[in-house]
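Shown next, in structure tokens, is the structure this report addresses.
Fair warning: this is a prediction, and the values are worked out from it, not measured in the lab. Heavy-atom basis, side chains included; hydrogens, waters and symmetry copies ignored. Chain naming here is simple, since letters A, B, ... match the order of the sequence lines and numbering starts at 1 in each.
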Number of protein chains: 2
Amino acid sequence: MIDDVQARERIVVAADALFYAHGVNSIGMDAVRERSGFPLKRIYKLFPSKEDLVLAVLDHRSRRWDSGIARAAETAADPTGRLLAVFDFLAAWFREDDFRGCAFINAYGELGPGSSRVAGAVRAQKESFQRYVDDLVGRIGGSPGLAAQLVLLAEGAQTTAAISGSPAAADVARDAARILIEADRDAARDR
Amino acid sequence: MIDDVQARERIVVAADALFYAHGVNSIGMDAVRERSGFPLKRIYKLFPSKEDLVLAVLDHRSRRWDSGIARAAETAADPTGRLLAVFDFLAAWFREDDFRGCAFINAYGELGPGSSRVAGAVRAQKESFQRYVDDLVGRIGGSPGLAAQLVLLAEGAQTTAAISGSPAAADVARDAARILIEADRDAARDR
DNA sequence: TTGCAATGAGAACGATCGTTCTCTATAGTA
DNA sequence: TACTATAGAGAACGATCGTTCTCATTGCAA
């Protein structure tokens, strides 16, 4: 028999694909059962409620985001390159066939007002990304405001790419990021 | 008896408040009936389905956005000021008690995958705003890329303000916008 | 081999929702 | 005033969904 660890993983992967493509509310637990291949009983033993499953899916997405960003950063030589690599990561993501925007923003819009746990998970993911950018900006001696600016660009690129259906926003954001980094460096010289 | 025009308006206003605060899916038509004071029969005569009501609400939001941006722009003396006024408008909006992010982004995340009409309405609103910024950027002789950058900042500020619960993103975006406008002007001088 | 605990497949339950229907009251018209 | 068409209040319908329950089956321990 498939052990609980593997079962959890497969159920989360199945639910993630369905939730991301169609929204959480339009996917019934029965669809998760069908796609994952596990009976409802098993699913409910591993995830006591649908909300718990949603949180597990968001946690899974969070780890995938972190590792994706980290992998993109590997190719860069310096902290500035690692900052810009974020936008290269976005550009590749936006081009994926099933791209449908940021799962956290979508979940927040759909479930945020009704579930404080989901809202909290979304907030935690965004704060985590902000800290990542803060750290890199700190390494290049940039101002704290620069990090917040770069995060706004990444955030805006995700929603714009989702709604427009075009990956162009990633390049726009990358260009803007380069300019803002440069401008911050120039301003630091005068400080 | 209240005529259809006024009834439509009141129903849309009631539905807008409910949908925006709690999400569309968690609000039943019965709640719209209770808040608007009109019987379901009347509501369904004016809006043949809930989706039609949602579209009317989005249209209403779209007009409010346009007029809000226009009013903020009035106080500015030149096109650059009118561009920055967008972010002042956002700052005031983010501070409203019931602010809960961009209704279009929320609707897209919640209903987009299931309703092409809603997805289309959201896309249309975003394109309209992009054209507005394009026009202002054109007036100051800016590059087309600058307009796209400014829109990304506004978009990112809206989702970040919603999720973080802080209005600070508006000022961050405004600062970034000023820098990008300046940088674009400098780049134009070399062109 | 016998008994038992857990599993799997799917039916069933209770609640909710979008939408329609019923029935009474009412306003307008000839 | 009598007729008619519409409005209003709310019950009712059909579908869906999250969650639980039934019951036959299976794998394992003694």
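Closest to the Met29(B) side chain, of the nucleotides dT19(D), dT19(C), dA9(D), is dT19(C). Listed nucleotides: dT19(C), dC17(D), dG8(C). Nearest to the side chain of Lys50(A): dC17(D). Ranking dT19(D), dT19(C), dG8(D) by closeness to the Ser49(B) side chain, first place goes to dT19(C). Looking at the side chain of Tyr44(A), the nearest of the listed nucleotides dA7(D), dT20(D), dG8(C) is dT20(D).
In this structure, CG of Asp52(B) is placed 13 Å from C1' of dG18(C), rounded to the nearest angstrom. What separates CG of Asn25(B) from P of dC17(D) is a distance of 11 Å, to the nearest Å. One interatomic measurement links the two molecules: CD of Glu34(A) to C1' of dG10(C), which rounds to 13 Å at whole-angstrom precision. Spacing between atom CZ of Phe47(B) and atom C1' of dG18(C) amounts to 16 Å, rounded to whole angstrom units.
At a threshold of 4.0 angstrom between heavy atoms, the contacts of Ile43(B) with the nucleic acid are absent. As judged by a 4.0 angstrom heavy-atom cut-off over every strand, Ile27(A) is placed among residues touching the sugar-phosphate backbone only.
Listed pair Lys45(A) / dT7(C) meets the phosphate criterion, a side-chain N or O lying under 4.0 Å from OP1 or OP2. For the OP1/OP2 pair of dT7(C) and a distance below 4.0 Å, the side-chain nitrogens and oxygens of Arg42(A) include no atom meeting the criterion.
Salt-bridge formation is not detected for the pair Arg131(B)/Asp134(B): no Lys NZ or Arg NE/NH1/NH2 atom is positioned less than 4.0 Å from an Asp or Glu carboxylate oxygen. Ion pairing between Arg82(B) and Glu74(B) fails under the 4.0 Å rule for side-chain N and carboxylate O.
Nearer the 5' end of DNA chain C, as judged by each residue's closest nucleotide, is the contact made by Phe38(A), out of Phe38(A) and Ser26(B).
Here the side chains of Leu55(B) and Arg117(B) are in contact, with some heavy-atom distance below 4.5 Å.
Both tests do not hold together for Arg8(B) against Phe38(B): distance to the six-membered ring centre under 6.0 Å, angle to the ring axis within 45°.
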